[in-house]
Amino acid sequence: IDEVLAVGDAEFQKKCLGRMKGISEQGRTVLFVSHNITAINSLCTKCIYMENGSLHSIGETKKIVEGYLGSLNTVRTEVSWENVQKPGDAIAVLHKAALIGENYDKINNPYLHQKIGIEFTYEILQGGHQPIPVIHVCTFNGDRVFTSIEGHSNKLFAVGKHKSIMWVPPNLLNANTYVFEIALYSFDTRTAHFYEQHALVFEVMEDINRRKIKYREPFLGVVKPEMEWESV
């Protein structure tokens with residue numbers, strides 16, 4: 001099974017995962033090739049890590065996944081495909097992406113109390129389609145945090161270059177390393193024109209001195225919102 005989950009909708013993915021799990025429970029072997037760490041963790045009991053066409057390691061899924069994640073460059077706050085083959089198809093291509101601050105300046109070390117933006121530039125090559133920018137936010141071990149869809153601008157479908165920014169409000173993400181996956185979908189045809197799975201990878205940090213309480217240990221959880229409380 002090769003990357004069938006990357007472009008399918010939620011119902012299609014659920015059907016595929018259920019079918020693969022059912023087949024494996026019948027005593028058959030399913031070979032699942034993917035970068036979807038969450039799916040690998042949930043489906044596979046053993047894992048093979050391939051690198052440059054050669055066997056890197058084989059063994060228990062959890063151990064192999066940890067080794068794979070540890071081999072990745074954990075910081076990637078700016079990337080450009082201007083002088084190389086751009087991710088995309090005949091309809092649209094991705095040019096570049098960067099992490100920015102609220103003043104639209106490029107940053108490398110964001111804090112959770114800061115507003116940050118995921119900025120990317122792409123180009124529509126052919127008209128007659130309805131491509132929508134999408135960003136998937138995951139933890140470094142592959143857990144999906146949330147998905148955000150643009151879908152607000154009436155200029156999204158025009159031929160030419162576009163720049164989109166997804167703003168992450170302050171005090172939402174917890175201190176952790178996050179992967180931002182950048183995609184462009186035509187939902188009417190269920191087509192992913194590009195889907196860059198590790199477009200940006202960076203760590204969100206916390207300034208402990210900004211806490212209003214004496215607790216200084218890490219907070220559990222993927223998000224760390226400042227909730228409204230009322231006590232009487």
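Heavy atoms only: backbone and side chains are in, while hydrogens, waters and symmetry mates are out. These numbers come from a predicted model, not from an experiment.
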- Message: Could you walk me through whether R144 and E181 satisfy the side chain to side chain contact (heavy atoms under 4.5 Å, CB included) test, starting with their C-alpha distance in whole Å, then the side-chain angles of each, then the deciding distance to 0.1 Å, before giving a yes or no?
- Response: CA-CA 10 Å; R144 182 68 56 85; E181 304 176 344; 4.0 Å; yes
- Could you give me the CA-CA distance, side-chain angles and deciding distance for F187 and I149, then say whether side chain to side chain contact (heavy atoms under 4.5 Å, CB included) is met? CA-CA 11 Å; F187 288 96; I149 302 174; 4.0 Å; yes
- Item | Check against side chain to side chain contact (heavy atoms under 4.5 Å, CB included), K86 and L94 | CA-CA 6 Å; K86 299 174 180 61; L94 179 61; 5.8 Å; no
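N108 places no side-chain N or O within donor-acceptor distance of the main-chain N or O of T77, the cut-off being under 3.5 Å. Not one N or O on the side chain of R210 forms a donor-acceptor pair closer than 3.5 Å with the backbone of H113. The backbone N or O of C44 lies less than 3.5 Å from a partner atom in the side chain of T61, making a donor-acceptor pair. Panel note: side chain N103, backbone D105; no donor-acceptor pair is recorded below 3.5 Å.
The environment of R19 atom CZ is sparse: at most 12 non-hydrogen atoms of other residues, nucleotides or ligands sit within 6.0 angstrom. Remark: L55 CG is packed, more than 12 non-hydrogen atoms of other residues, nucleotides or ligands lying under 6.0 Å away. More than 12 heavy atoms of other residues, nucleotides or ligands sit less than 6.0 Å from atom CD of Q26. The number of heavy atoms from other shown groups lying within 6.0 Å of OH (Y111) does not exceed 12. At most 12 non-hydrogen atoms from other residues, nucleotides or ligands lie less than 6.0 angstrom from NZ of K96. Environment of CD in Q85: sparse, with no more than 12 heavy atoms of neighbouring residues, nucleotides or ligands closer than 6.0 Å.
Heavy-atom minimum distance, I64 versus S57: CD1-OG, 3.6 Å. For the residue pair E196 and P87, the shortest heavy atom distance occurs at OE1-CG, 3.4 Å. Shortest non-hydrogen contact noted between E150 and I132 is N-CG2, 4.2 Å. Closest non-hydrogen pair, F219 versus K224, comes out as CD1-CE, 3.5 Å. Closest approach of A192 to Y185, counting heavy atoms only: CB-CE2, 3.5 Å. Of all heavy-atom pairs spanning I107 and P110, the tightest one is CD1-CB, 4.2 Å.
Between E203 atom CD and N176 atom CG the span is 7.5 Å, to the nearest 0.5 Å. How far CH2 of W167 is from CD of E119: 8.0 Å, rounded to the nearest 0.5 Å. Atom CG of L112 sits about 10.0 Å away from atom CG of L172, to the nearest 0.5 Å. Put simply, NE2 on H129 and CD1 on I124 are 9.0 Å apart, with the number rounded to the nearest 0.5 Å. Rounded to the nearest 0.5 Å, atoms CD1 (I116) and CD (E102) are 11.5 Å apart. Here the OG1-CD1 distance, from T29 to I23, works out to 11.0 Å after rounding to the nearest 0.5 Å.
Listed by chain and number, the residues in a ring pair (Phe, Tyr, Trp, His ring centres under 6.0 Å) with F180 are F202 (sequence neighbours excluded).
When side chains are defined from C-beta on, V137 counts as touching M166, because their heavy atoms get closer than 4.5 Å. Put simply, the side chain of Y195 does not reach to within 4.5 Å of the side chain of L184, judged on heavy atoms. You'll find the side chain of W81 stays beyond 4.5 Å of the side chain of V93, heavy atoms only. Using a 4.5 Å cut-off on side-chain heavy atoms (C-beta onward), I165 and Y104 make contact. Using a 4.5 Å heavy-atom cutoff, the side chains of V134 and T147 are in contact. Side-chain atoms of F120 and P133, non-hydrogen and from C-beta on, do get closer than 4.5 Å to each other. Proximity of V179 to F140: side-chain heavy atoms (C-beta onward) are separated by under 4.5 Å at one or more points. Between V223 and F146, the closest side-chain pair of non-hydrogen atoms is not below 4.5 Å.
There is no path of hydrophobic side-chain contacts, each under 4.5 Å, that joins I100 to Y122. I118 and V79 fall within the same hydrophobic cluster, where Ile, Leu, Val, Met, Phe, Trp and Tyr residues are linked whenever their side-chain heavy atoms come under 4.5 Å apart, directly or through other members. Cluster annotation: L125 and L156 are assigned to distinct hydrophobic clusters (Ile/Leu/Val/Met/Phe/Trp/Tyr, side-chain heavy-atom contacts under 4.5 Å, transitive).
Of the candidates K161, H162, H95, H95 is the only one forming a side-chain hydrogen bond (donor to acceptor under 3.5 Å, both in side chains) with E123.
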